[in-house]
Amino acid sequence: MMIWLWDVNRKILRCRDVLDTIERRVSVPALAPSSPLLKACPVKGDCQKDVPEACNISAVNTARAILSPMAESIPAAEINAAAGILLSPSATGAVSSSIAAAGNHSAVSLLSPHAGALFCYYILKLFRAEDTVIHMDKLISSKQNIQHVPESYILPPERRPGKVVIPSSKCIPVIDLHGNTNRQELVQRIMKACQEFGFFELTGHGVPEDLMHDVLKVANEFFQLPSEDKVNFYSDNTWKKCRLHSSIDYDQEKVHFWRDNLRLPCHPLEDLVEEWPNNPARFREVIGNYAIRVRELSLLLLDLIREGLGLASGYFEGDLSETHLMNFNYYPPCPDPSLTLGLPKHSDPNLITILNQGAISGLQVLKDEQWLALVPTPNAFVVNIGHTLQVISNGMLRSGDHRVVTNAYAARATIASFIHPSIDCQIQPANELIIKRCSIPLYKPFPYIEFMRNYIKDTRDGDPVLKRYELSQAQA
Ligand SMILES: O=C(O)CCC(=O)C(=O)O
Ligand SMILES: [Fe+2]
């Protein structure tokens with residue numbers, strides 16, 4: 001059962017979001033029928049009819065009594081059922097008419113703002129426990145003692161990694177950022193790696209070893225927290241930037257993947273850090289420091305690539321590299337890694353990705369139709385090019401296909417840092433490049449927002465998203 005509310009702007013809010021808002025707005029005391037705070041929040045006159053004694057007997061029981069019949073009458077598929085709760089006096093009209101429009105009777109509680117907030121709080125508390133169970137059950141890290149891979153995670157035979165042993169090797173180029181004093185040579189090496197593999201390992205990058213290590217430690221600690229400490233971040237909305245979820249698109253996909261994921265927006269940091277978890281206690285500090293360092297590093301690498309492509313100085317600055325997201329991936333041990341994948345074959349959608357994969361292997365890169373298993377190099381980053389850079393470079397650089405396999409013995413945490421264009425950008429092969437090389441564009445222009453929509457769908461279904469945007473010779 002999910003409870004939905006309307007806020008003063010008639011935006012539909014999820015239960016958790018409302019709870020958070022309320023927790024920020026009112027300090028909620030332990031509920032006691034005689035609580036002076038409850039007495040201090042009288043129910044407004046005529047609402048006694050709708051919300052009998054809401055605030056002077058146990059509000060939880062009252063909430064249950066009011067909501068139970070209503071909850072049963074709500075068709076599961078309809079989200080516009082609600083408890084009408086007033087978060088501010090000006091919401092009265094909006095809430096009442098929304099509920100009336102949605103055809104739901106009852107329970108428009110005309111409370112004073114403070115009483116409304118309190119009442120709302122207890123109603124939601126009631127349902128939060130249930131919400132926690134429903135959502136947190138989707139996380140693999142919430143499942144206890146899994147002996148077998150559940151059916152819904154078993155891939156069809158042609159998409160399974162199977163039992164084939166993929167030889168591990170140091171298979172992608174290694175680039176030492178500080179060991180290369182000659183900038184031109186460095187640019188050439190990066191370009192070659194991005195053309196041939198779409199991947200390289202980066203050493204000498206300047207991010208301190210203890211920070212590389214600490215971020216993974218804090219990430220591991222986050223995933224191991226009890227469910228109730230994480231549920232506030234859970235969301236099935238693939239567009240929500242700050243969210244905890246599992247697999248790729250859990251409610252829409254045919255088969256699930258063996259990974260939990262916390263995604264955080266990171267730029268501009270000072271505006272966003274408040275949205276991040278603050279448990280473990282060091283989370284914001286450690287991850288914040290790291291986010292700044294990897295963003296700087298990504299922009300430096302993008303600038304080297306820009307130079308290699310012969311694009312004007314500053315080409316990737318501004319909107320094109322505006323969005324910085326970090327993916328905290330968590331792959332718990334899997335009882336049979338041959339049946340499932342942590343992540344299916346995909347290329348990243350963005351410009352450039354910097355991955356801190358710790359010491360446990362799992363990442364595989366596709367080269368000449370062969371999977372190569374990467375052996376992690378201590379304190380090195382794995383860098384890869386995303387679809388957007390492939391398109392801007394008109395196919396000169398390639399986004400590297402990769403996938404993640406699971407293992408049966410140890411949980412693996414990784415942090416992937418993505419630089420994306422802002423969602424309003426139009427993406428297309430760089431004009432200067434087409435002109436300079438007298439080439440024809442290989443991709444049609446597309447709005448990044450539309451591309452991302454298709455990307456999520458195609459990745460979960462195993463389809464190549466760039467196919468949609470390729471131009472045939474005749475069209476170009
Ligand atoms: O966890 C890994 O090894 C890779 C993660 C990845 O490919 C991603 O987050 O897009
Ligand atoms: Fe990826």
Side-chain angles (χ1 to χ4, degrees), residues 140-141 161 166 168 171-172 194 197-202 212 215-216 219-220 222-223 238 241 243-250 253 256-266 287 290-291 294 298 323-334 337 340-367 371-378 380-390 398-407 410-420 451-452 455-456 458-460 462 464-466:
I140 309 161
S141 50
I166 296 186
S168 302
C171 50
I172 55 171
C194 295
F197 288 82
F199 267 90
F200 59 90
E201 262 193 323
L202 188 71
M212 298 279 288
V215 281
L216 291 175
N220 264 300
F222 173 82
F223 282 103
T238 48
K241 282 193 179 154
R243 73 168 184 137
L244 172 66
H245 71 116
S246 195
S247 192
I248 295 178
D249 192 359
Y250 196 96
E253 65 206 7
H256 304 312
F257 296 95
W258 201 264
R259 78 126 189 205
D260 292 340
N261 176 253
L262 173 71
R263 185 173 61 189
L264 299 182
C266 302
I287 306 297
Y290 180 79
V294 277
S298 308
T323 305
H324 180 197
L325 298 175
M326 280 209 288
N327 249 4
F328 295 74
N329 298 306
Y330 188 73
Y331 311 94
C334 172
T340 186
L341 283 167
L343 279 176
K345 175 181 160 186
H346 70 284
S347 280
D348 297 340
N350 50 312
L351 289 159
I352 192 163
T353 305
I354 294 191
L355 178 77
N356 178 355
Q357 64 163 337
I360 300 172
S361 52
L363 179 62
Q364 299 187 344
V365 171
L366 195 65
K367 173 83 169 98
W371 286 110
L372 307 171
L374 260 62
V375 178
T377 303
F381 283 119
V382 174
V383 179
N384 63 286
I385 295 306
H387 287 311
T388 304
L389 202 44
Q390 173 164 335
R398 49 177 280 197
S399 57
D401 279 338
H402 53 288
R403 69 179 186 181
V404 178
V405 293
T406 60
N407 73 69
R412 176 171 182 259
T414 68
I415 305 178
S417 164
F418 302 109
I419 299 294
H420 284 266
F451 173 76
M452 282 308 292
Y455 175 80
I456 294 165
D458 288 352
T459 304
R460 77 167 192 236
V465 64
L466 272 192

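The residues of the chain are indexed from 1 along the displayed sequence. As the structure lists them, so they are numbered: ligands from 1, and atoms in each ligand from 1.
Using bins of under 30°, 30° to 60° and over 60° for the plane-to-plane angle, the ring pair Tyr455/His387 lands in the perpendicular bin.
Looking at Gln364, Arg412, Met326, it is Arg412 that brings a heavy atom closest to atom 3 (O) of ligand 1. In the candidate list Gln357, Arg263, His402, Arg403, His402 is nearest to atom 7 (O) of ligand 1, counting heavy atoms. Taking only non-hydrogen atoms, the option from Val405, Asp348, Val404 nearest to atom 4 (C) of ligand 1 is Val404. Among Val365, Asn329, Asn350, the residue whose heavy atom sits closest to atom 9 (O) of ligand 1 is Asn329.
Closest N/O/S atom of His346 to the Fe ion (ligand 2): NE2. Per residue Asp348, closest N, O or S atom to the Fe ion (ligand 2): atom name OD1.
In terms of protein heavy-atom proximity, atom 1 (O) of ligand 1 is nearest to Tyr331 OH, 2.6 Å. Regarding atom 8 (C) of ligand 1, its nearest protein heavy-atom neighbour is Leu343 CD1, 3.7 Å.
The N/O atoms of Thr414, backbone and side chain alike, include one that comes under 3.5 Å of an N/O atom in ligand 1.
The side-chain heavy atoms of Ile140 and Phe223, taken from C-beta on, include no pair separated by under 4.5 Å.
With His245 contributing its side chain and Leu262 its backbone, the two residues share no donor-acceptor pair below 3.5 Å. At least one donor-acceptor pair under 3.5 Å links the side chain of Ser246 to the backbone N or O of Arg259. Between the side chain of Ser399 and the backbone N or O of Gly386, no donor-acceptor pair lies under 3.5 Å. Between the Thr414 side chain and the Asn356 main chain, no donor and acceptor come within less than 3.5 Å of each other.
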(request) Please assess His420 against Thr388 for the test side chain to side chain contact (heavy atoms under 4.5 Å, CB included), listing each intermediate value before the final yes or no. (result) CA-CA 8 Å; His420 284 266; Thr388 304; over 6 Å; no

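Residue Ala416 approaches ligand 1 through these ligand atoms, each under 4.0 Å from one of its heavy atoms: 9 (O). Atom numbering of ligand 1 starts at 1 in the shown order; those under 4.0 Å from a heavy atom of Asn327 are 9 (O).
Neither the backbone nor the side chain of Phe328 has any atom closer than 4.0 Å to an atom of ligand 1 (non-hydrogen atoms only).
Atom NZ of Lys367 has more than 12 neighbouring heavy atoms from other residues, nucleotides or ligands inside a 6.0 Å radius.
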